[in-house]
Amino acid sequence: MSLLQISTEDKSVKPSISFSPEAKAKFEKILTLYPPGTQAPLLPVLHLAQEEFGYLSLEVQEYIAELMNLPVTTVHEVVSFYTLFKKEPTGKYWVQVCTNLSCTLRGCEKIVDYISRKLGIQVGETTPDKKFTLTTVECLCACEMAPMMQINEDYYGYLTEARVDEILDNLK
Amino acid sequence: MAELVLTKNFGVPDFHTIEGYIRCGGYEGLKKTLEEFTPDQVIEEVKKSNLRGLGGAGFSTGMKWSFVPKDSSKPKYLVINADEGEPGTFKDRYLLEKAPHMLIEGAVIAAYAVGIHTAYVYIRGEYVKPARILQNAIEEAYAHGFLGKNILGKGFDLDMIIHRGAGAYICGEETGLLESLEGKKGWPRLKPPFPAIVGLFKCPTVVNNVETLSQLPHIMKNGAAWFANICQGAPKCGGTRIFSVSGHVNRPGIYELPLTVTLREIIYDHAGGIPGGKKLKAVIPGGSSAPVLTADEIDVKMDFDSLMAAKTMGGSGGVIVMDEDTCMVKALYVLAKFYAHESCGQCTPCREGTGWIAKILYRLVHGDGRPGDPDTLKSVADNIAGNTICPFGDGAAWPVQSFVKKFRSEFEYHAKERKCDVLKT
C-alpha cells in the first residue's frame, strides 16, 4: 500500500507488521511519559519502530499512524524532517563521516575518499553484501577528535587511514 | 591556574556515578537550597551571580526564570536543552558523560526555584552514549531520593524524563525544540509569547542549557558573590564557561576558564598554539554562527559583552581556529552547506537564501565563480538577517557577511581568476 496513492484496499485489513510483545510493552511505557492526548510520544515511538523494524518504510509509518491514532501524513512529515529516521534500509553498519568545518580543517575529505575506496562504494551507497552504508553528516559535536565519524551508536575520532582500517576491519 | 568549577572532578574515574559524585561534595548545593532558601530567594541568588545562558544566547538565567507566572493554573515545565549541535561545540557532551549528576542537581534547583515538577531532557539523537549515562544517573538519583516524590524529605517533587531528538540542528533553538518535544517537525515559533508564558504543551516553560544548569549547584553551595567574582572586570558576567577548541591548534579539547580570558590566551596558552608554527589567519569565537575574527582581533575578552562590542558573539563557546593555509572561501562554503542543509524551510528568506549562498560558494570554490559573486553573497545574506522567525537566519547570514567583509580579496580572487590563491588550485 503506497502512501501517496489513493488506497482502494479494504481499511479493515491490518498492516502486515506489528510490534513484538517486548516492543509493545516499551511502547506502552513511552505513552506514560507524556501528557495523554498529545502527539509528544511520536519521536520516541519512531526510534523504537526503527530499532524494531530496521528502518521506517511507508508500511511502518502507516502502522505507527494507526497505533497512535494520527494521520499518516503527520507521521510522514515528522519522519521526513529528521535525518536519523531512515527512510530506506542501511547496511549493518551505517558509517557517517562528519564533513563540517573542524573536521574539514583536519582533513576529513581524505578520510571520506579513503573509506569510499576501501569499501568500493560512493557516498550514499551500501556495499553489495549489505554490511556497510557510507554517508557524510553534519557536525556531530566531537570536533576535538576531528576528523571523526559515527558508526551506528558509537563515535570514532582522530581518524587516519590506519585507524580507519583498524576500526572497519574489526566490525564483523 | 584559574579556579575550575564544572570540570574540577572530571579526572575522578567514578564521578559520573552517584557514589563518586557525593564523595566529591555533590548534592550539597541542593541540600543547602532546600534547607535555607525559599524559591524566590533562589531566583534572587542566581540573578546576583550574573549567570548567563551558556547555550548561546547569554541571557540572564535568573531573569529568564522570573518571567514565569507565579500563579499559573497550568502545570509548568523545565526543559533541559541537551541538543548540542552548534558546529565547533562539544562541551555539553563532556558534561553529560562526566558529570550527569551535576546536571540533575542543577535541574532540581531550577525546578524548585520556579515551582516545576516535570523536567524533560531533550538530548540530540546522535548522543546515544551520553543519553545512556544520563539515564543511569537519573535512576540512581531516584533511588537516592534526589528525584521523584518528597526530595530529601523536604516535600518537593520532580520527575525527569529523557527525550531523544532525531537529527535536526534547528531543534537546538528553544521553540523548535519545544515543537519537536511535542512530536512535530522542529519549526520554531513566533515570539512573543515566549516559552516562559506559553511553552511546552502551551504551559509556562523554562528552557535551560546543560552547562547553565550544571553551574547552579556551585552557585548555591558557594554563593552568588563567589560566582560573580570569578569574572573580575566584567561586571555583567559571572563564573566560568567551558570553551570547546578545535581546528588548527596543537591541543584541541575543552578548556574551562573565566569569561574574562582572552581569545589569544585560549589559542596560545591553553590549546598550545598553531601546529607546525604556522601563522593564525582567522578564528570563529562562539560556534559556527558567530562572525569570524581575524588574527589581529584576538586580544578580545571572551565574555558576552566584550565579544558583542567586537561585533561577534560568545555564542556556544565553540572556538574554531584556522591557520594561514586555510582557504576562507572553502571554509565558508563548508559552513554554508551546513546552513542550507539545516534550514527548516519555514521562512522564505532563509530556506531560499541559504541554498543560493551555498550554490554561489560552490561555484567559487570549484573554479566557476563570477565577478559579482562577493556582492551577491553579501546581498543575499543581508536579506536573510533579521527577516526570519528564529535566530537561525541570522546565524546563517553572519558568517557570510563577516567572511566576505574581512577576507574580501580572497573572494574577489576566486571570482575573477577562478582559482584559489591560498591552496594554489
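All chains are named by letter (A, B, ...) in the order of the sequence lines, taking the proteins before the strands, and each is independently numbered beginning at 1. What's counted below: heavy atoms across the whole structure, side chains too, no hydrogens, waters or symmetry copies.
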Between [options], which has the largest tally of heavy atom pairs under 4.5 Å with chain B?
options: Q150(A), Q96(A), M145(A), R106(A); value: R106(A)
options: L43(A), I30(A), L42(A); value: L43(A)
options: A142(A), P35(A), A40(A); value: A40(A)

message: With a 4.5 Å cut-off on side-chain heavy atoms, are C139(A) and F90(B) touching?
response: no
- prompt: So, do L140(A) and R124(B) sit near enough that their side-chain heavy atoms are less than 4.5 Å apart?
  reply: yes
task: Could you walk me through whether E144(A) and K91(B) pass the salt bridge (Lys or Arg N to Asp or Glu O under 4.0 Å) test, one step at a time?
output: CA-CA 10 Å; E144(A) 81 280 23; K91(B) 46 136 184 141; over 6 Å; no
Between atom [atom1] of [X] and atom [atom2] of [Y], what is the distance when rounded to the nearest 0.5 Å?
X: H341(B); Y: N100(A); atom1: NE2; atom2: CG; answer: 11.0 Å
X: Y34(A); Y: F201(B); atom1: OH; atom2: CZ; answer: 8.0 Å
X: E126(B); Y: D154(A); atom1: CD; atom2: CG; answer: 13.5 Å
X: L101(A); Y: M322(B); atom1: CG; atom2: CE; answer: 5.5 Å
X: C171(B); Y: Y82(A); atom1: SG; atom2: OH; answer: 4.0 Å

query: When you look at E153(A) and R132(B), which way does the salt bridge (Lys or Arg N to Asp or Glu O under 4.0 Å) test go after all the steps?
result: CA-CA 11 Å; E153(A) 295 184 348; R132(B) 228 171 249 151; 2.7 Å; yes
Checking [X] side chain against [Y] main chain: does a donor-acceptor pair fall under 3.5 Å?
X: T83(A); Y: G167(B); value: yes
X: H163(B); Y: P44(A); value: no
X: Q39(A); Y: E182(B); value: no

Y155(A) and Y127(B) aromatic ring geometry - parallel, tilted or perpendicular at 30°/60° bounds: perpendicular
- line: Assert top hit (heavy-atom pairs under 4.5 Å, partner chain A, pool R164(B), K337(B), E342(B)) equals R164(B)
